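The structure appears below as structure tokens.
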Amino acid sequence: MSNLWRTKPLNQLLAEAEESEKGLKKTLTSGALVALGIGAIIGAGLFSITGIAAANYAGPGIMISFIIAALGCAFAGLCYAEFASMIPVAGSAYTYSYATMGEFIAWIIGWDLVLEYAVGAATVASSWSGYLGKLFSSFGVSLPERLLMTPFDVGSGGEAGLINLPAVFIVVVMSLILIKGTSESAWVNIGIVILKVSIVILFIVVGFKYVKPENLTPLIPENTGKFGEYGWSGIIRAAAVVFFAYIGFDAVSTAAQETKNPKKAMPIGIMGSLLICTVLYIAFAYVMVGVVHYKEFTAGGGSDHLAPVAIAIEAMGTVVNGTMVPEYPWLNTSIIVAILLGYASVILVMLMGQSRVFYSMSHDGLLPKVFSEVHKKFRTPFKSNIFFLVFVSLFAAFIPGRVVGEMTSIGTLFAFILVCIGVIVMRKTQPDAPRAFKTPLVPLVPILGVLTCFGMMAFLPFDTWIRLVIWMMIGLDVYLWRGIKNSFLGKANNTTNDPKNYRISAICGGALTLILIFLTYFHHQAAIADKIDDGGLVVFSEVMIVLHIFFYGYYFFKNRK
């Protein structure tokens with residue numbers, strides 16, 4: 001049997017979870033985990049996506065869309081909760097895949113999680129910078145525009161940016177907090193969560209008395225005749241859009257090894273944060289579409305993500321001489337503060353999740369030892385934190401967030417799918433293993449989770465799939481070059497030099513290359529039909545295809561014996 005499919009023994013994983021002087025420090029409680037989940041979930045997406053999805057797809061039915069999206073997350077969340085209570089080890093979906101589907105799949109999902117955590121943190125940091133500029137502008141202070149943009153962005157005066165400096169600042173601050181300690185990071189996150197949730201509740205309470213029943217009727221507007229524009233098809237499409245406002249709860253599972261009572265606390269942290277955010281989201285949506293007719297949310301334009309909330313706040317007032325006079329204009333500034341706080345806590349949790357995934361991969365020998373070195377005093381993976389401080393800062397400083405925003409979503413959904421499959425596999429292979437929490441209705445719930453998440457992935461554009469495949473190919477390159485020969489599991493089984501490992505990996509790489517060929521072709525045909533220039537992406541894909549035909553071919557023919 002190839003080492004690629006060997007799973008990591010459950011007793012070995014549980015032994016690693018035990019606290020030691022060299023290991024991660026157990027400091028987190030159930031409440032801290034719930035706060036971590038809320039910190040990762042509630043970001044600026046709530047304030048922008050709600051109004052836009054209501055205006056374009058669902059109307060007042062956006063509340064139903066949030067419920068449907070929450071159900072999709074709940075399927076995956078229940079599977080995460082079972083694994084987190086069963087295998088309380090840092091690493092999240094990477095560790096779960098290692099225990100159920102083997103090293104090769106674990107490597108793929110570990111590499112994929114970089115998209116969710118590190119790239120996601122960089123994307124959020126870029127947006128944080130823009131809202132910081134808005135906050136200063138509300139007080140009459142204009143920050144230098146060129147220091148708020150990457151060199152690939154063009155400002156209002158036609159000049160290209162230099163560096164996104166505030167994005168670097170927030171990444172550095174959050175990384176230093178993480179290096180100081182997990183408990184300190186948790187307390188900072190709890191403080192941020194209390195403030196931003198207070199502002200969300202304030203918006204709901206203040207706006208409730210301005211809700212007009214006529215704006216909520218009909219709850220489900222009649223379909224326009226085009227799929228996805230109102231009616232039930234519009235509600236489903238809106239659910240796919242607002243689904244991404246929930247992303248982040250899975251980061252709770254990366255802190256399992258630093259939790260005092262993970263078997264009890266993990267399910268509470270994952271499902272508790274999802275439940276609280278779902279209630280807030282539905283109430284927030286009810287006020288937004290109740291205060292203002294949903295079609296008015298298109299007036300803000302797509303570039304100003306604050307526009308939907310601003311429109312609702314401006315409608316909270318009284319009419320004087322035919323003109324609406326807002327009673328709470330200061331709420332707009334409060335919402336900007338909430339967005340900044342929301343983004344800061346998202347960055348904190350994403351950076352924490354990424355460093356813990358790399359800690360686990362390094363602990364298994366698949367990555368250099370430096371990523372699993374723990375600080376003697378703080379007992380945090382500080383070198384991993386420093387690496388991502390530099391990596392994410394450079395990414396946020398010089399690469400536009402829009403380029404990889406959807407990559408974060410597709411990476412997350414892919415992780416959800418593998419975790420749902422993993423629960424089914426584990427129930428078959430280790431039915432008697434102790435489980436503090438059991439996913440109900442297996443295999444129905446995991447199957448529904450797979451179908452829901454894959455359905456969301458199918459709604460994403462071709463270029464997002466192309467970038468995912470290219471990223472997976474780069475990850476496979478690293479695994480072929482370094483991972484196989486350094487795997488501790490492979491060394492324990494004397495299979496690090498097994499030609500079969502390299503041959504199977506090369507065949508999988510060839511399959512990815514073939515998929516990339518088809519995706520690039522169909523994307524280019526669609527671009528021609530829509531008269532869109534995709535020359536840069538096509539050339540990059542072609543270069544990657546040619547290089548990898550030789551790369552994977554070399555490893556395959558070298559290990560044919």
Side-chain angles (χ1 to χ4, degrees), residues 34-54 62 66 120-121 123-139 141 166-167 169-170 173-174 177 187-208 210 242 244-249 273-274 276-292 297 300 304-316 326-350 401:
V34 171
L36 277 177
I38 296 173
I41 296 169
I42 297 182
L46 170 64
F47 307 104
S48 59
I49 291 175
T50 306
I52 294 168
I62 188 66
F66 268 118
T123 306
V124 172
S126 298
S127 297
W128 188 90
S129 176
Y131 283 110
L132 184 69
K134 281 180 177 290
L135 181 64
F136 275 88
S137 296
S138 67
F139 293 106
V141 178
F169 168 77
I170 190 63
V173 170
M174 294 297 109
I177 291 172
W187 278 112
V188 170
N189 181 68
I190 289 171
I192 292 174
V193 166
I194 290 172
L195 287 171
K196 70 177 179 180
V197 169
S198 297
I199 294 174
V200 170
I201 293 174
L202 179 64
F203 174 85
I204 294 169
V205 172
V206 168
F208 189 81
Y210 296 101
V242 301
F244 304 115
Y246 285 97
I247 286 177
F249 72 86
S273 59
L274 260 179
I276 291 170
C277 290
T278 298
V279 172
L280 287 175
Y281 280 12
I282 294 171
F284 193 90
Y286 172 79
V287 171
M288 280 197 70
V289 296
V291 170
V292 178
F297 290 125
D304 185 358
H305 297 297
L306 187 63
V309 174
I311 291 170
I313 291 172
E314 289 169 3
M316 296 177 188
E327 290 188 19
Y328 307 97
W330 49 267
L331 255 183
N332 272 325
T333 301
S334 299
I335 294 296
I336 295 175
V337 172
I339 290 173
L340 287 170
L341 292 172
Y343 270 167
S345 59
V346 169
I347 294 167
L348 180 75
V349 179
M350 294 295 103

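Since this is a predicted model, take the numbers as computed values, not measurements. Keep in mind that the numbers below use all heavy atoms, side chains included, and drop hydrogens, waters and symmetry copies.
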* Take Phe139 and Thr333 through the side chain to side chain contact (heavy atoms under 4.5 Å, CB included) test and state the conclusion after the steps. => CA-CA 9 Å; Phe139 293 106; Thr333 301; 4.3 Å; yes
* For the pair Ser334 and Leu331, evaluate side chain to side chain contact (heavy atoms under 4.5 Å, CB included) and give the outcome as yes or no after the intermediate values. => CA-CA 5 Å; Ser334 299; Leu331 255 183; 4.3 Å; yes
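Separating the CD1 atom in Ile335 from the OH atom in Tyr131 is a distance of 11.0 Å, to the nearest 0.5 Å. The OG atom of Ser198 sits 15.5 Å away from the CZ atom of Phe203 when rounded to the nearest 0.5 Å. To the nearest 0.5 Å, atoms CD1 (Ile42) and CG (Leu341) are separated by 11.5 Å. In this structure, Leu348 CG and Ile192 CD1 are separated by 6.5 Å, a value rounded to the nearest 0.5 Å. For the atom pair CD1 (Ile41) and CG (Leu36), the distance works out to 10.5 Å, reported to the nearest 0.5 Å. One finds the CH2 atom of Trp330 at 9.0 Å from the CD1 atom of Ile313 (value rounded to the nearest 0.5 Å).
In terms of heavy atoms, Ser129 sits closest to Ala167 at CB-N, 4.0 Å. For Ala283 against Ile204, the heavy-atom pair with the smallest separation is CB-CD1, 3.7 Å. Closest non-hydrogen pair, Ala35 versus Val193, comes out as O-CG2, 3.4 Å. The two residues Ala53 and Val242 make their nearest non-hydrogen contact at CB-CG1, 4.0 Å. Nearest heavy atoms, Ile311 versus Phe297: CD1-CA, 4.1 Å. Minimum heavy-atom separation, Ile170 to Ala125: CG2-CB, 4.0 Å.
Residues passing the side-chain hydrogen bond (donor to acceptor under 3.5 Å, both in side chains) test with Ser345, sequence neighbours excluded: Lys196. Applying the ring pair (Phe, Tyr, Trp, His ring centres under 6.0 Å) rule to Tyr281 yields the partners Phe66, Tyr246; only residues at least two apart in sequence or on another chain are considered. Residues that satisfy the side-chain contact (heavy atoms from CB on, under 4.5 Å) test with Ile276, not counting sequence neighbours, are Val34, Ile38, Leu280. When the side-chain contact (heavy atoms from CB on, under 4.5 Å) test is applied to Phe169, the partners found at least two apart in sequence or on another chain are Trp128, Val173. Residues meeting the side-chain contact (heavy atoms from CB on, under 4.5 Å) test with Ala315, sequence neighbours left out: Val291, Val292. In this structure, the side-chain hydrogen bond (donor to acceptor under 3.5 Å, both in side chains) partners of Tyr210, at least two apart in sequence or on a different chain, are Glu327.
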